[in-house]
Amino acid sequence: MSTTTPTSGRPPRGGRDRTRADLDGNPIPRSARLDAHIVEVFAQPHESLGRTALLSGAFSLAPVFAAVLLLTLTSSFWPVIVLGEIIVACLFFAVYIRFRLVHSAITPDRFLKRRMLLSPVSVDLDRVDRVLINRVYRTSSTEALLQLLAIDNRGHRLFGLSALFWSDDDIRRVADHLGIPTTVDNAPLSRTEYYAAFPMARGWYARRPARAVMVLAATALVAVGALVVNGWVHPA
């Protein structure tokens with residue numbers, strides 16, 4: 001069942017400089033580099049996601065590098081494998097550091113979102129016409145996650161937040177501080193149903209062309225790697 005929660009406007013602004021904490025007292029790290037004098041909301045994604053991804057990548061790639069190193073140990077190419085392993089490890093740590101810098105924030109006039117790989121999002125709050133909050137099932141799971149979607153007056157997606165990355169409390173805080181009537185529907189939807197009801201909700205990564213490109217790139221990378229290793233182990 002859908003309910004619309006009216007808001008009486010954003011919280012009162014003013015007071016002392018809050019660049020070190022938002023209006024709810026949440027600390028803002030210096031790395032956020034927010035220029036606004038007042039930050040109403042500051043949120044960061046689940047910290048465990050970064051650690052889990054880093055450890056998963058390390059444990060999954062280590063056996064692969066070990067196997068390739070053993071195959072090339074008797075050749076002159078083993079230093080290249082070691083160098084490749086070092087480069088990949090550095091890339092993993094660089095991505096982890098980028099993840100640590102990701103955040104969302106609301107200032108008196110803008111919504112700001114610093115992303116891991118793509119350019120930052122900066123939306124004038126006056127452009128936000130509607131805010132939708134739904135629960136959407138994860139793929140092949142019975143767990144329904146909170147999804148926030150901000151839309152302009154033409155029905156275009158301005159930004160979104162998913163509980164896969166952000167806590168439910170942070171998503172609700174963002175909705176509350178936007179000062180826009182929020183439609184909340186707690187009836188869980190499948191991802192297909194959600195995108196059918198709100199096609200504008202798809203992020204770039206959820207669109208078929210982007211997925212196809214990512215799959216083709218991964219396949220090409222694996223194929224090239226296999227051919228190179230095969231050439232090292234069995235030179236012509």
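Note that this is a predicted model, so its numbers are computed, not measured. All heavy atoms count here, side chains included; hydrogens, waters and symmetry mates do not.
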(request) Report the C-alpha distance between Phe92 and Tyr96 in whole Å, list the side-chain angles of each, state the deciding distance to 0.1 Å, and finish with yes or no for ring-ring contact (aromatic ring centres under 6.0 Å, His included). (result) CA-CA 6 Å; Phe92 264 91; Tyr96 176 70; over 10 Å; no
(request) Please report the closest heavy-atom contact between Tyr137 and Ser190, naming both atoms and the distance. (result) CD1-N, 4.0 Å
(message) Which residues end up grouped with Ile97 if you chain together Ile, Leu, Val, Met, Phe, Trp and Tyr wherever their side-chain heavy atoms are less than 4.5 Å apart?
(response) none
(request) Compute whether any side-chain donor of one residue and acceptor of the other, for Thr183 and Asp185, lie under 3.5 angstrom apart. (result) no
(message) What I want to find out is whether Asp176 reaches Arg173 closely enough, with some N-O distance under 4.0 Å, to be called a salt bridge.
(response) no
(message) Is it true that, when you exclude Arg110 itself, more than 12 heavy atoms of the residues, nucleotides or ligands shown sit nearer than 6.0 Å to its CZ?
(response) yes
(message) How close do Phe111 and Leu125 get, counting heavy atoms only, and between which atoms?
(response) N-CD2, 3.6 Å
(request) Indicate the atoms forming the closest heavy-atom contact of Phe42 with Asp22, along with that distance. (result) N-OD2, 2.9 Å
(request) Taking all non-hydrogen atoms of both residues into account, name the closest pair between Ile38 and Leu23 and its distance. (result) CG2-CD2, 4.1 Å
(request) Drop me the distance from Leu149's CG to Thr182's OG1, to the nearest 0.5 angstrom. (result) 11.5 Å
(message) So, applying side chain to side chain contact (heavy atoms under 4.5 Å, CB included) with Arg114, which one of Val121, Val102, Leu101 is it?
(response) Leu101
(message) Check for me, please, whether Leu91 and Leu117 land in the same ILVMFWY cluster - side-chain distances under 4.5 Å, paths through other members count.
(response) no
(request) Give, for atom CD1 of Ile180 and atom CG of Asp129, the distance between the pair rounded to the nearest 0.5 Å. (result) 7.5 Å
(message) If hydrophobic clusters are built from ILVMFWY residues whose side chains come within less than 4.5 Å, do Val82 and Ile87 share one?
(response) no
(message) Tell me every residue that passes salt bridge (charged side-chain N to carboxylate O under 4.0 Å, His left out) with Arg135, counting only those two or more places apart in sequence or in another chain.
(response) Asp168
(message) As an exercise, state the distance from CZ of Arg127 to CG of Asn153, rounded to the nearest 0.5 Å.
(response) 9.0 Å
(message) Test of understanding: clusters of I, L, V, M, F, W, Y form through side-chain heavy atoms closer than 4.5 Å, transitively. Do Met200 and Tyr194 belong to the same one?
(response) yes
(request) Give the intermediate values and the outcome of salt bridge (charged side-chain N to carboxylate O under 4.0 Å, His left out) for residues Asp152 and Arg157. (result) CA-CA 7 Å; Asp152 65 14; Arg157 180 184 192 271; over 6 Å; no
(request) Determine the minimum heavy-atom distance between Leu164 and Leu49, stating which atoms define it. (result) O-CD1, 3.3 Å
(request) Please name the pair of heavy atoms, one in Ser104 and one in Trp166, separated by the smallest distance, quoted to 0.1 Å. (result) OG-CH2, 3.2 Å
(message) Under 6.0 Å between ring centres: does that hold for Phe165 and His46?
(response) no
(request) Can you measure from OG (Ser167) to CG (Leu161) and round to the nearest 0.5 angstrom? (result) 10.0 Å
(message) Show, in sequence, the C-alpha distance, side-chain angles and deciding distance for Leu146 and Ile133, and conclude whether the side-chain contact (heavy atoms from CB on, under 4.5 Å) test is met.
(response) CA-CA 7 Å; Leu146 216 60; Ile133 293 183; 3.8 Å; yes
